[in-house]
**Student:** 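The structure follows.
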Amino acid sequence: MVAPPLRARVRAGMIDEIKAVARRHLATDGANLSLRAVARDMGMVSSAIYRYFPSRDDLLTALILEAYDALGDAVEAADAAFDRGDLRGRWHAACRAARAWALAHPAEYALLYGSPVPGYAAPEDTVAPAARPPLTLVGILRDGLAAGRLSPPEDALPEPLRADMAELGVLLSVDLPPALLARGMAGWTQLFGLISFELFGRLNGVLPHRDEYFDHQTALMADLVGLP
């Protein structure tokens with residue numbers, strides 16, 4: 001393989017350094033990033049940073065894509081470590097991996113699932129990375145259904161919700177009964193609700209045994225979607 005030209009390697013190194021400094025700002029200042037502040041911490045004039053990131057939104061998008069991919073990697077690796085037939089084990093592993101990543105990277109998690117950043121609109125290319133954790137959970141349901149170990153629920157969905165689930169199935173490229181997909185969505189939203197409540201201090205002084213509570217709740221989610 002031919003090594004990239006020196007200029008490209010230098011540019012890639014600068015981009016990585018800028019993102020590393022920006023992540024430190026996320027931890028102290030939240031998502032309201034200032035390119036000038038990042039440039040100052042790097043010892044460069046503020047105009048120079050715009051050669052790498054034309055705007056604050058471009059830098060935010062780069063951080064968001066990195067964070068979504070890191071979270072997706074963690075969840076998918078946890079799922080892959082279990083036997084394909086151990087549906088409940090895979091479910092628990094994926095949920096625990098999402099929580100572990102969030103607790104280890106609270107600033108990045110807050111960027112993804114915290115309050116929207118004023119004036120920022122995530123571009124279309126963030127959609128696929130954001131879908132990786134829920135697609136992992138949906139994959140467990142799909143495998144269970146294909147193996148005959150998971151029965152579709154007989155929930156009577158309101159017609160608008162049934163239509164939404166049908167559209168979501170097309171968007172995610174998964175062929176699941178609408179009622180099962182709706183329960184999977186409930187599990188997904190419950191998972192990130194649990195993580196957010198813990199990470200943002202909503203459980204402080206209420207539940208000291210967080211691991212046990214989390215496992216209990218993810219077991220209830222597995223029951224809800226019908227995992228054996």
Side-chain angles (χ1 to χ4, degrees), residues 67-68 70-82 86-106 108-116 126-127 129-145 149-158 160-169 171-172 174 176-228:
Y68 272 134
L71 173 59
D73 287 346
V75 172
E76 290 170 3
D79 172 50
F82 271 73
D86 186 358
L87 302 175
R88 187 171 283 257
R90 291 169 59 189
W91 180 274
H92 279 293
C95 292
R96 287 170 182 156
R99 175 180 179 245
W101 184 87
L103 294 179
H105 305 87
E108 287 89 341
Y109 180 87
L111 178 63
L112 300 181
Y113 296 104
S115 299
T126 60
V127 173
R132 289 174 64 186
L135 277 175
T136 300
L137 299 180
V138 166
I140 298 169
L141 306 187
R142 183 188 59 233
D143 291 351
L145 194 65
R149 301 184 60 223
L150 181 62
S151 299
E154 298 181 359
D155 302 339
L157 299 183
L161 179 56
R162 180 176 293 276
D164 286 348
M165 290 299 104
E167 290 183 15
L168 182 61
L171 179 65
L172 298 177
V174 294
L176 288 182
L180 181 59
L181 185 54
R183 290 199 181 197
M185 283 289 296
W188 171 49
T189 54
Q190 171 78 349
L191 168 63
F192 284 96
L194 281 170
I195 295 172
S196 294
F197 261 54
E198 179 175 7
L199 201 63
F200 301 146
R202 300 297 183 183
L203 302 181
N204 291 350
V206 179
L207 292 171
H209 299 98
R210 306 287 175 77
D211 294 347
E212 293 81 359
Y213 177 70
F214 184 85
D215 284 348
H216 173 71
Q217 292 295 306
T218 54
L220 291 179
M221 288 186 278
D223 292 340
L224 173 69
V225 298
L227 297 180

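Quick note: residue numbers are just sequence positions, from 1.
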**Student:** Looking at every non-hydrogen atom in both residues, tell me the closest pair between Leu181 and Gly169 and how far apart they are.
**Tutor:**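 Shortest heavy-atom contact: CD2-N, 3.8 Å.
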**Student:** Take atom CD in Glu212; do more than 12 heavy atoms of anything else shown fall under 6.0 Å from it?
**Tutor:**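 Yes, because the 6.0 Å sphere around CD of Glu212 holds more than 12 heavy atoms from other groups.
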**Student:** Would you indicate whether Trp188, at its atom CH2, is surrounded by more than 12 heavy atoms from other residues, nucleotides or ligands within a distance under 6.0 Å?
**Tutor:**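 It does not: Trp188 CH2 has 12 such atoms or fewer within range.
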**Student:** Just to verify, what does Arg210 make a side-chain hydrogen bond (donor to acceptor under 3.5 Å, both in side chains) with, not counting sequence neighbours?
**Tutor:**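 Result, side-chain hydrogen bond (donor to acceptor under 3.5 Å, both in side chains) vs Arg210: Asn204.
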**Student:** For Tyr68, does the six-membered ring have the charged nitrogen or CZ of Arg132 within the cation-pi criterion, i.e. under 6.0 angstrom from the centroid and within 45° of the normal?
**Tutor:**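 No, a cation-pi geometry is absent between Arg132 and Tyr68.
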**Student:** Is the shortest side-chain heavy-atom distance between Val225 and Trp91 below 4.5 Å?
**Tutor:**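 They are in contact (side-chain heavy atoms under 4.5 Å apart), so the answer is yes.
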**Student:** Given Arg90 and Asp143, is the side-chain contact (heavy atoms from CB on, under 4.5 Å) satisfied, shown in steps?
**Tutor:** CA-CA 11 Å; Arg90 291 169 59 189; Asp143 291 351; 3.0 Å; yes
**Student:** Show the numbers, then the answer: is there a side-chain contact (heavy atoms from CB on, under 4.5 Å) between Phe197 and Val206?
**Tutor:** CA-CA 11 Å; Phe197 261 54; Val206 179; over 6 Å; no
**Student:** Can you see which heavy atom on Leu137 is nearest to which on Ala94, and at what distance?
**Tutor:**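 Reported closest heavy-atom pair: CD2-CB, 3.9 Å.
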**Student:** Is Asp211 paired with Arg96 through a side-chain N to carboxylate O contact shorter than 4.0 Å?
**Tutor:**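 No, no charged N to carboxylate O under 4.0 Å.
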**Student:** Give me the atom names and distance for the closest heavy-atom approach of Leu150 to Leu141.
**Tutor:**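 Leu150 and Leu141 have their closest heavy atoms at CD2-O, 3.5 Å.
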**Student:** Give the minimum heavy-atom separation between Ala74 and Ala97, together with the two atoms involved.
**Tutor:**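 So the minimum-distance heavy-atom pair works out to O-CB, 3.6 Å.
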**Student:** Where do Leu207 and Glu198 land on the side-chain contact (heavy atoms from CB on, under 4.5 Å) test, with the steps shown first?
**Tutor:** CA-CA 9 Å; Leu207 292 171; Glu198 179 175 7; over 6 Å; no
**Student:** Measuring from atom CG of Leu71 to atom CD of Glu76, what distance do you get when rounded to the nearest 0.5 angstrom?
**Tutor:**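 Rounded to the nearest 0.5 Å, the CG-CD separation comes to 9.5 Å.
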**Student:** Side chains of Pro177 and Leu180: does their closest heavy-atom pair fall under 4.5 Å?
**Tutor:**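 Pro177 vs Leu180: side chains touch.
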**Student:** Are the side chain of Ser196 and the backbone of Gly193 linked by a donor-acceptor contact shorter than 3.5 Å?
**Tutor:**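 Not a single qualifying donor-acceptor pair exists.
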**Student:** Got a second to check how far Leu161's CG is from Asp155's CG, nearest 0.5 Å?
**Tutor:**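 Reported value, rounded in 0.5 Å steps: 9.5 Å.
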**Student:** Using every non-hydrogen atom in the two residues, find where Leu176 and Arg142 come nearest and quote the distance to one decimal.
**Tutor:**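 Reported closest heavy-atom pair: CD2-CA, 3.9 Å.
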**Student:** Nearest 0.5 Å please: distance from the CG atom of Leu171 over to the CE atom of Met165.
**Tutor:**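 Here the rounded value is 11.0 Å.
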**Student:** What do the steps show when you test Phe192 against Tyr109 for side-chain contact (heavy atoms from CB on, under 4.5 Å), and what is the final call?
**Tutor:** CA-CA 10 Å; Phe192 284 96; Tyr109 180 87; 3.6 Å; yes
**Student:** Report the distance from atom CG of Leu194 to atom OG1 of Thr218, rounding to the nearest 0.5 Å.
**Tutor:**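 Rounded to the nearest 0.5 Å, the CG-OG1 separation comes to 8.0 Å.
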**Student:** Can you name the nearest heavy-atom pair linking Ala219 to His92, along with the distance?
**Tutor:**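 In terms of heavy atoms, the two residues are closest at N-CE1, 3.5 Å.
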**Student:** Hey, could you give me the CG/CD1 distance between Leu135 and Ile140, rounded to the nearest 0.5 Å?
**Tutor:**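 Result: 11.5 Å between the selected atoms.
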**Student:** Answer yes when Asp223 and Arg88 have at least one side-chain N-carboxylate O distance shorter than 4.0 Å, and no when they do not.
**Tutor:**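 Yes, this pair counts.
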**Student:** Roughly how far, to the nearest 0.5 Å, is the CD1 atom of Ile195 from the SG atom of Cys95?
**Tutor:**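 CD1 of Ile195 is found 7.5 Å from SG of Cys95.
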